[in-house]
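Reviewing the structure listed below.
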Amino acid sequence: MLDVVKSGVNFLANPPVLLTLILAGFFILFPINERCLRWNQRLGLEAIWTRRGVIIGGVLTTLFLLFGISDPNFRAVVMKPDNAPIVGLIYLVPFFLWLAMKQAVENDRRILDGKKPNEYHDPEDKVLVWPDLVYIELIALVLMTVFLVVWSLAIDAPLEGPANPTTSPNPAKAPWYFLALQEMLVYFDPWIAGVVLPAVIVLALMAIPYIDNNPKGQGYYSFRERKMAISLFLFCWLVIWILLIGVGTFLRGPNWNFFGPFEYWDVNKTLALNNVNLSEYIYVIGLGMELPKSIILREFCGILLLGAYFLGLPLLLARTWLNKLLLDLGAMRYSVFIMLTLIMFALPIKMYLRWLFTLKYILAIPEFSFNI
Amino acid sequence: MSTKVPEQPDKTKSNAPTNEKGRRHFLSAIAVGWCAFAGAVAAMSAGVLRFAFPNVLFEPPQTFNAGAPDEYVDGQVSLRWKKKHGIWIVREGAQFYALVAYCTHLGCTPNWQENDRKFKCPCHGSGFHVSGINFEGPAPRPLERCHIELSPTGHLIVDKSTRFLHEKGQWADPASFVEV
């Protein structure tokens, strides 16, 4: 019985399955448009953002962790001192998400009833920076210092032997906050995943206030007044960043292979991961000939696909689904927005292409270290 | 107040030429100042840059003696020099070549896995065949080989400072392998 549960969890934790389930549910749980919102309401998902919801969620998570710790493979990963922040993350991220969503859902209801949001009582009802906020910050600072001191005394720092350039630990993991970047590096060229995408992330965060011209929802929590903005941001934050940190921490084992949470980290686990470039798929496998000498001819299909994705798709969406958005934002904001969104969705797309077709690069020009 | 009012037109008239002078003086002072500042920064940068080229460089020798060819087993990847020099020596029949233990993705040190007969990088999962050809994971190009030759005494001499890249067709270079 226990083994069935464990192998079931292992199966669900396999990233292709995990990401598919998440993609199927995410935009219903955080409805991106009116239609998703109707599904959300039909399924009664707003019950998650109540006090009962958070208690049930917390209890279930704790029960699962307690159940998992009885397993030696699960315990070895979860109880590792390096991973303490991630175990904290399992509780903290959902809790603060719940805290914000609870207030947003309450406010949405108030606004539907024609009332003002909860934050709005009367103009006098405001928190003073001095002394109210500064005192809270001081207390938080002291408590945090105490917590960090106790933590550093209680758990030994996971130090290792002197660094040796000819020996990499197996698996060699980045600091936990970079694990999402390390995960991206598996699917993209180091140039793209290590330089371009992190830069785009930073620039995109800076661009958000200039792209978002929706005047609603300022100074109070609300979801329905800015469905798409919140939904897309939460997708980036929860799936592309937090989930990938979790995957890197709990599911990536020796040789950077995927392992289920209840699976033994076998150094000799063999997975067939022969990666093939798109050009090789077309010319070598599809047409049964050698790769053309000319780079342009060789990468013709990759260039075409990328052109369709980054140039064709924005135009197509502007004509169809996102027409209203284009009118709201204007051409400039729309272009920036759609580019950032497409770059963001390129990651899950590339992951699926790798998992399903072992596709390495869509556009592969190693001659110029330019691979996508 | 009333006494100052008639003075003002006088002041502007008389000030116009001195203002012009003052501005020129100011501009040239600024130019001199900025030039001096830029010069100082350039000199300081040059000084800092100088640290990148020390007079004496204590580098381990790039060339090492890897022993006699018959110390290596046919078809096996020798891990003998991995820890000290970061080099695998592979023997395939009569042919010897030296692979650099440096992943072409982001520079971690891959591990040789005998049962799968592949080099596997622990950082992002790149895999390489015995020959060094990349076949799985994100590594964009094959492992590099380095210069290997047979000394007059019959020993293998590996020179890490000369590299041979497959994607440039350099593995055909007779200096990149030894045939015994």
Side-chain angles (χ1 to χ4, degrees), chain A residues 163-174 178-179 181-195 248 251-259 265-277 280 350-351 354 358-361 363-372, chain B residues 59-60 62 64 77-89 98-129 133-144 146 158 160 165-170:
Chain A
N164 180 351
T166 61
T167 320
S168 296
N170 193 6
K173 293 197 178 183
F178 281 150
L179 280 174
L181 285 179
Q182 193 174 2
E183 193 63 33
M184 297 198 313
L185 280 163
V186 176
Y187 304 99
F188 285 99
D189 180 81
W191 247 106
I192 302 285
V195 182
L251 305 181
R252 285 291 193 180
N255 298 325
W256 215 248
N257 284 328
F258 282 131
F259 291 83
W265 279 20
D266 183 2
V267 180
N268 291 317
K269 179 178 180 176
T270 304
L271 292 172
L273 299 169
N274 288 23
N275 292 330
V276 184
N277 289 327
E280 291 163 346
K350 192 75 194 288
M351 287 170 135
R354 178 67 63 83
T358 64
L359 181 85
K360 187 173 187 181
Y361 294 128
L363 181 73
I365 314 181
E367 289 88 342
F368 299 105
S369 300
F370 187 76
N371 310 297
I372 294 174
Chain B
E59 264 189 342
Q62 293 294 301
F64 68 95
V77 174
S78 165
L79 308 180
R80 219 169 118 191
W81 306 105
K82 191 197 166 193
K83 197 143 196 173
K84 198 171 173 200
H85 294 289
I87 294 287
W88 291 295
I89 292 183
L99 285 170
V100 182
Y102 185 88
C103 181
T104 51
H105 180 228
L106 280 174
C108 293
T109 310
N111 299 304
W112 169 246
Q113 292 197 296
E114 183 58 49
N115 55 348
D116 292 337
R117 293 202 55 82
K118 66 183 179 189
F119 300 100
K120 187 77 177 159
C121 181
C123 290
H124 305 89
S126 296
F128 306 87
H129 289 304
I133 298 287
N134 54 322
F135 72 100
E136 63 180 7
R141 52 198 190 86
L143 292 173
E144 294 177 1
C146 58
V158 176
K160 289 194 280 179
L165 311 183
H166 175 263
E167 66 271 23
K168 294 190 179 166
Q170 292 166 338

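Computation of the quantities below employed the complete heavy-atom set of this structure, encompassing side-chain atoms and omitting hydrogens, waters and symmetry-equivalent molecules. Residue numbers start from 1 in every chain, and the chains themselves are labelled A, B, ... in the order their sequence lines are given, proteins ahead of strands.
- Counting heavy atoms from C-beta outward, Val267(A) and Gln113(B) have side chains that approach closer than 4.5 Å.
- Listed options Leu185(A), Asn274(A), Asn371(A) were ranked by heavy-atom pairs under 4.5 angstrom with chain B; first place goes to Leu185(A).
- Screening residues 98-110 of chain B for side-chain hydrogen bond (donor to acceptor under 3.5 Å, both in side chains) gives His105(B)-His124(B) as the qualifying pairs, with residues at least two apart or on separate chains.
- Heavy atoms only, all atoms of each residue included: Glu136(B) and Asn275(A) are closest at C-ND2, 3.5 Å.
- Both the backbone and the side chain of Pro171(A) come within contact range of chain B, judged by heavy atoms closer than 4.5 Å.
- Residue Lys82(B) holds its NZ atom at 6.0 Å from OG1 of Thr167(A), rounded to the nearest 0.5 Å.
- Pairing each heavy atom of Phe188(A) with each of Pro138(B), the nearest pair is O-CB, 4.3 Å.
- Within a 6.0 Å radius of CH2 in Trp265(A), other residues, nucleotides and ligands contribute more than 12 heavy atoms.
- For Lys118(B), the part lying under 4.5 angstrom from a heavy atom of chain A is the side chain only.
- The contact between Asn164(A) and chain B is made entirely by side chain atoms (from C-beta outward), counting heavy-atom distances below 4.5 Å.
- With chain B as partner, the option from Ser168(A), Ala174(A), Ala193(A) having the largest number of non-hydrogen pairs under 4.5 angstrom is Ser168(A).
- Closest of all the heavy-atom pairs between Asn111(B) and Asn170(A) is ND2-ND2, 3.5 Å.
- A distance-only check finds a donor-acceptor pair linking the side chain of Lys360(A) to the backbone of Ala139(B) [under 3.5 Å].
- For Cys123(B), the disulfide bond (SG atoms under 2.5 Å apart) partners two or more places apart in sequence, or in a different chain, are Cys108(B).
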